[in-house]
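Each remark here refers to the structure printed beneath this line.
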Amino acid sequence: MPKVRVRFAPSPTGYVHVGNARTALFNWLFARHHGGAFILRIEDTDVERSKEEYERQLLEDLRWFGLDWDEGPDKGGPFAPYRQSERLDLYRRHAMQLIDARHAYYCFCSPEQLEAERQAALKAGQQPRYSGRCRTRPREEAARKVAAGEPAAIRLQVPEGVFDWNDLVHGPTTFSSEVMGDFILVRSDGQPTYNYSVVIDDHLMEITHVIRGDDHISNTPRQLALYQAFGWQRPEFAHLSTILGPDRARLSKRHGATSLQNFREMGILPEALRNYLALLGWSAADGVTEIFSDQELIRQFSLERVIKSPAVFDQEKLNWMNRHYLKEARRRKLAELSVPFLAQAGYLEEPADERTLGWLERVLDAVLKNLDTLSQLPAAVRLIFEYDAEGVLRGDETRHVAENAGSRDVLKALIPKLLEVRDLNYERFRTIAKAVQKETGKKGKDLFHPIRVALTGAISGPELEKLIPIFEEGSKLPLRRHVKSVAERLREFAAAAGLS
RNA sequence: GGCGCUAUCGUCUAGGGGUUAGGACGUCAGAUUCUCAAUCUGAAAACCCGGGUUCGAUUCCCGGUAGCGCUACCA
């Protein structure tokens, strides 16, 4: 069996949809599983849709996603170029070859004329397909018209019959030639159409397996007709199901985050997205395992276990997956990833220095389990950076806790003791808390809840054990937004609450 | 309209002629904690409908329905 060669062939639209990302991922997994090659090819023949700066963005998104390719526009390869816009000559040459072999012909029908015919057929309740009018025109006449500069498209003469293939996901699939008519290969402006260029490229690049979205199923017979006309061996085909939104319509921007860039900005980890997407349409042989390293994914991946039915994208489950990888990730790496989010909230300078990064690791350790995504970080650390004693006394929930008599007793006993301490740490805090417990008779909730409120301004949050060192260390750091120490907080609180 | 694809808990899925139809997310309840989470334990929750084939269909076949796709000088 020849070496496996697969490709991912996106249009550079500046937006990599998760559906496409999954297609890329499956191609990549398949290639890596078989020790084959994964090729990136840019389909930029649709001038309207393609912009040059989008290509850079596309490569960057794919790299962020964690895929690497063996051949592509940025790194070249034995079948270069990998940009369709640079392969125009190839398409033209092969089209001429087809014309010479009488498998294709020039068509001079105007788009208006064709559209009118199409509408008429539709109105009559008939299958709209090209009449084949130009098919019978003598070659000499056609050549003359072309030479005279008349605009002409090139159409494939599709033979009558049946086109079928054994889809690696869907099984045997059949289409009749009746549904397609003689379709266009090269537009009158010289640009190749998708169904044409894809065949030329896949053949010339020696692609062995075409793995793509199932919206291409209906295109496959056209491409088969082309392979047949050229007498080329065709690749295997595998069609992946569509990803839907919660309303079962094709997932689109109106459903929320759908592009790699969206997920990146949300603070979804690429490894989480990879793992989640791998599970959309594929499952492991044991039917149970869901958390996979890339190595395991590569080892276990097979097209036989890819499912045919469409899948609804579930942001909740992605969030769960992301939480898992957030907890798993190295703290240092997360600290670095967090900086942009915190800088944007106005808390930190970017880039952050070493000490700040070290401190951030502690912060992350305290708040991570409350996060779905990194974009939720600013809200989670709000109580670290923004302390406002007046606000505590104003807030409905906090005021209730801070102002009752029991709380005031606790805080009255606690604050002077705490303010005396140098280099406060949790040990010392704990000792003092015990003393206060003895003195006031309050314990557990009655003891700690008022302290929490006075210290953080919130009725819930991370463990005080973690917060106290964070406050103390943070207060010594030159951050854009100063973090108040325990002493600063308590002094402010005492003043605001009239406790001193 | 024509052609095609698809159909197991709300969602992602495993399974497959006889199963207590398995797992995960989410939901709910309990345990734990200074709180919220996290964690652990438990619960509720599914074979689209109608015909066949069969001793027996959720599974195989046919039809229907629904959703999606293609039907372009878009990709």
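Just so it is clear, the model here is predicted, and its values are computed rather than measured. Here is how names work: the chains are called A, B, and so on, in the same order as the sequence lines, proteins then strands, and each is numbered from 1.
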- Message: Does U6(B) have OP1 or OP2 under 4.0 Å away from a side-chain N or O of H170(A)?
- Response: yes
- Query: Can you find an N or O donor on one side and an acceptor on the other, under 3.5 Å apart, linking the side chain of D286(A) with the base of A14(B)?
  - Reply: no
- Message: Tell me whether the NZ or CZ atom of K145(A) lies within the 45° cone about the ring axis of Y106(A) and under 6.0 Å from its centre.
- Response: no
- Rounded distance (Å) that lies between atom C1' of U33(B) and atom CG of L464(A): 12 Å
- What is the distance, rounded to the nearest whole Å, between atom NE2 of H255(A) and atom P of C68(B)? 10 Å
- Donor-acceptor side-chain pairing of Y82(A) and D201(A) below 3.5 angstrom: no
- Whole-Å distance between U39(B) P and K369(A) NZ? 10 Å
- Task: Spell out yes or no: do the side chain of S188(A) and the base of C73(B) have one donor N/O and one acceptor N/O closer than 3.5 Å?
- Result: yes
- Query: Could you give the CG-to-P distance, from L114(A) to C73(B), as a whole number of Å?
  - Reply: 6 Å
- Quick note, T193(A) side chain, CB onward, closest among U35(B), G23(B), A75(B) is A75(B)
- Message: It should be established whether K327(A) places a side-chain nitrogen or oxygen under 4.0 Å from OP1 or OP2 of nucleotide U39(B).
- Response: yes
- Query: How many Å lie between CG on L368(A) and P on U39(B), as a whole number?
  - Reply: 12 Å
- Message: Whole angstroms only, please: what is the CG-P distance between L251(A) and U11(B)?
- Response: 15 Å
- Of residues 308-320 of chain A, the positions that come close to RNA chain B - non-hydrogen atoms, cut-off under 4.0 Å: K308(A), S309(A), P310(A), A311(A), V312(A), D314(A), E316(A), K317(A), W320(A)
- Query: Pairs in or reaching into residues 275-289 of chain A: which pass salt bridge (Lys or Arg N to Asp or Glu O under 4.0 Å), with residues at least two apart or in two chains?
  - Reply: none
- Item | Validation row, ring centre H255(A) to ring centre F313(A) under 6.0 Å | no
- Among C73(B), C3(B), C25(B), the one nearest F175(A) by side-chain distance: C3(B)
- Task: For the side chain of R452(A), starting at C-beta, report the closest nucleotide among U35(B), C68(B), C73(B).
- Result: U35(B)
- Query: How close or far is atom P of G4(B) from atom CG of D215(A), stated in whole angstroms?
  - Reply: 18 Å
- R323(A), nearest nucleotide to its side chain (from G23(B), C25(B), A37(B)): C25(B)
- Task: Give a yes/no verdict on a cation-pi contact between R22(A) and F26(A), requiring under 6.0 Å between NZ or CZ and the six-membered ring centre and an angle within 45° of the axis.
- Result: yes
- Message: It should be established whether R129(A) places a side-chain nitrogen or oxygen under 4.0 Å from OP1 or OP2 of nucleotide G1(B).
- Response: no
- Query: Expressed as a whole number of Å, how far does the C1' atom of C49(B) sit from that of A7(B)?
  - Reply: 12 Å
- Go through C73(B), C36(B), C70(B) for me and flag the one nearest to the S218(A) side chain. C70(B)
- With respect to the side chain of V179(A), which nucleotide from C73(B), C36(B), C3(B) is positioned closest? C3(B)
- When you get a sec, tell me which of A72(B), G15(B), U11(B) is the closest nucleotide to the side chain of R248(A)? U11(B)
- Between P of C68(B) and CG of L244(A), the distance in whole Å: 8 Å
- Given G4(B), G1(B), U13(B), the nucleotide with the shortest approach to the side chain of S283(A): U13(B)
